[in-house]
Amino acid sequence: MASKRKVTVTLDEALVEALDELGALSTQLNEAAWEVVHRLRRSADLLALLEELDRTEGPLPHDPVEDARLERLLGGAA
């Protein structure tokens with residue numbers, strides 16, 4: 001079991017109530033936080049890959065539709 005550290009966070013009241021209805025709050029928040037960490041790391045890895053491809057293969061031609069799609073895939077604004 002991973003070591004734990006107690007921290008204080010501020011959450012919306014409605015969110016806390018909804019989470020309380022579903023079970024152990026700390027467990028849910030811990031699992032959700034790990035999901036966010038994994039998603040952000042994957043996004044960073046994908047961005048690094050795209051930057052490497054730009055460096056080695058040159059940038060893609062400007063295509064507004066494709067640019068918007070890539071932004072959505074990387075979690076940015078569309």
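Below, each value reflects all heavy atoms present in this structure, side chains not excepted, and no hydrogens, waters or symmetry copies.
Listed by first then second residue, pairs satisfying ring-ring contact (aromatic ring centres under 6.0 Å, His included) with a partner in residues 5-32 number zero, not counting sequence neighbours. Residue pairs satisfying the salt bridge (charged side-chain N to carboxylate O under 4.0 Å, His left out) criterion with at least one member in residues 42-54, sequence neighbours excluded, are listed as follows: Glu52-Arg55. Residue pairs meeting the ring-ring contact (aromatic ring centres under 6.0 Å, His included) criterion with at least one member in residues 29-51, sequence neighbours excluded: Trp34-His38.
Linking Ile, Leu, Val, Met, Phe, Trp and Tyr whenever their side-chain heavy atoms come within less than 4.5 Å puts Val9 and Leu15 in one cluster.
Hydrophobic clustering, defined by side-chain heavy atoms of Ile, Leu, Val, Met, Phe, Trp and Tyr closer than 4.5 Å, groups Val36 together with Leu40.
Residues passing the ring pair (Phe, Tyr, Trp, His ring centres under 6.0 Å) test with His62: none are found, sequence neighbours excluded.
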Listing, residues 20-27 side-chain donor-acceptor contacts under 3.5 Å, not counting sequence neighbours, or none:
none

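The CG atom of Leu73 lies 8.5 Å from the CG atom of Leu46; values are rounded to the nearest 0.5 Å. The CG atom of Asp12 sits 10.5 Å away from the CD atom of Glu17 when rounded to the nearest 0.5 Å.
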